[in-house]
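Chain naming here is simple, since letters A, B, ... match the order of the sequence lines and numbering starts at 1 in each.
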Protein chains: 2
Amino acid sequence: MRKTTSTNAINEKLIIDGCGMARALSIVGGRWKPAILCRLKHNTMRYGELKKSIEGISERMLVTQLRELEEDQIIERIVYPEVPPRVEYRLTDLGKTMNPMLEAMSDWGNMHREKVGDKAPASVDI
Amino acid sequence: MRKTTSTNAINEKLIIDGCGMARALSIVGGRWKPAILCRLKHNTMRYGELKKSIEGISERMLVTQLRELEEDQIIERIVYPEVPPRVEYRLTDLGKTMNPMLEAMSDWGNMHREKVGDKAPASVDI
DNA sequence: CAGCATCCGGTTTGATACTG
DNA sequence: CAGTATCAAACCGGATGCTG
């Protein structure tokens, strides 16, 4: 459990309250969230598909970040009562409103890669 | 010193390489960076001005984040050889190209605040 | 004025093993 | 299949004191 009284947490809240940018970042800014959002941007995906497609992510992190996005009402979790179990994730309507922002971020990031151009071979944005 | 061989660091690099969004976030995504960029978006500012205007930031954090932004060539540090010393910070040309993205983030953040509407009094975006 | 250096606790992340 | 639980390591950020 995270302490809500630590200076750290207080500062975080302060920043988020004061600035729209920070607010956006607080939602989109987890380590793995961009990767998740990239993938859910156009399709619905199953838990296992996400896991396979995101190289290096651990189960714990995938679940944690999915839960956070769900809490922020960016994505929806749909459970099919089947055996074996099936769970799909997709953007909510609110999540879809992020698209222009995500697009802008992705564009700038790619532009920056070309301009400053270190690492990353011919691979394209996922 | 940060270990560059930790799984953590490796994963970070992996994500950044693979996704433009992540790359953008890696630059703009520090705790205090949005606050700094908000302020430098329109004017040149001195170190002390920044410090005063960003409530709650410690010197260590301000300097750290400024240095990182400088390394990423988003901001420029201009030292005037005077006594007492004067140092100003401003966006580079590359930094200015971020504006559409920052705008998009800010817009979405503010939209989200209104929609989901918790906390934050009448204060406007800084 | 504009910073560094050091210490240190809290938070985040990852590895691994286990469950309905 | 889709997770949960627990542990340990890495990292971030804050407080404080000092310097050119």
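Residue B:S6 places at least one side-chain N or O closer than 4.0 Å to OP1 or OP2 of D:dC11. Distances shown here put every side-chain N or O of B:T7 at or beyond 4.0 Å from the OP1 or OP2 atom of C:dT13. Taking only side-chain nitrogens and oxygens, B:R2 comes nearer than 4.0 Å to OP1 or OP2 of D:dC12. An OP1 or OP2 oxygen of C:dG3 is reached within less than 4.0 angstrom by a side-chain nitrogen or oxygen of B:Y89.
The side-chain heavy atoms of A:L40 and A:M45, taken from C-beta on, include a pair separated by under 4.5 Å. Residues A:R67 and A:E70 meet the side-chain proximity criterion, which asks for heavy atoms closer than 4.5 Å. When side chains are defined from C-beta on, A:T64 does not count as touching A:W32, because their heavy atoms never get closer than 4.5 Å. Side-chain contact between B:H112 and A:L94 is present, with heavy atoms from C-beta onward closer than 4.5 Å.
The stretch residues 57-73 of chain A touches DNA chain D through A:E59, A:R60, A:V63, A:R67, each having a heavy atom under 4.0 angstrom from the strand.
Across A:R31, A:R77, A:K33, a single residue satisfies salt bridge (charged side-chain N to carboxylate O under 4.0 Å, His left out) together with A:E68, and that is A:K33. The only member of A:T44, A:L37, A:N43, A:T97 that meets side-chain contact (heavy atoms from CB on, under 4.5 Å) when paired with A:L91 is A:L37.
If you take OH of B:Y47 and P of C:dC4, they are 8 Å apart, rounded to a whole angstrom. Summarising the geometry, the separation between CZ on A:R31 and P on C:dT12 is reported as 12 Å, rounded to the nearest angstrom. When rounded to the nearest whole Å, the span between CH2 of A:W32 and P of C:dT13 equals 10 Å. The distance from atom NZ of B:K3 to atom P of C:dT13 is 18 Å, rounded to the nearest whole Å. If you measure from atom CZ of B:R46 to atom P of C:dG3, you get 10 Å, rounded to the nearest angstrom. Summarising the geometry, the separation between CG on B:L50 and P on C:dA2 is reported as 10 Å, rounded to the nearest angstrom. The nearest whole Å value for the distance from the CD atom in A:E55 to the C1' atom in C:dG14 is 15 Å. Distance NZ (A:K52) to P (D:dG3): 14 Å, rounded to an integer number of Å.
In this structure, of C:dG14, C:dG3, D:dG14, it is C:dG3 that holds the atom nearest to the side chain of B:V87.
A search for side-chain contact (heavy atoms from CB on, under 4.5 Å) contacts involving A:R86 returns A:R46, A:Y80, A:E82, A:E88, not counting sequence neighbours.
No more than 12 heavy-atom neighbours from other residues, nucleotides or ligands sit within 6.0 angstrom of CD on A:E55.
Taking CD1 of B:I54 as the reference point, atom CZ of B:R39 lies at 4.5 Å (rounded to 0.5 Å).
Between the two ends of the helix from C:dC1-D:dG20 to C:dG20-D:dC1, each summarised by a five-pair axis, the helix axis turns through 50° (rounded to 10 degrees).
Residue order along DNA chain D, read from the 5' end via each residue's closest nucleotide, puts A:R86 first among A:R86 and A:N8.
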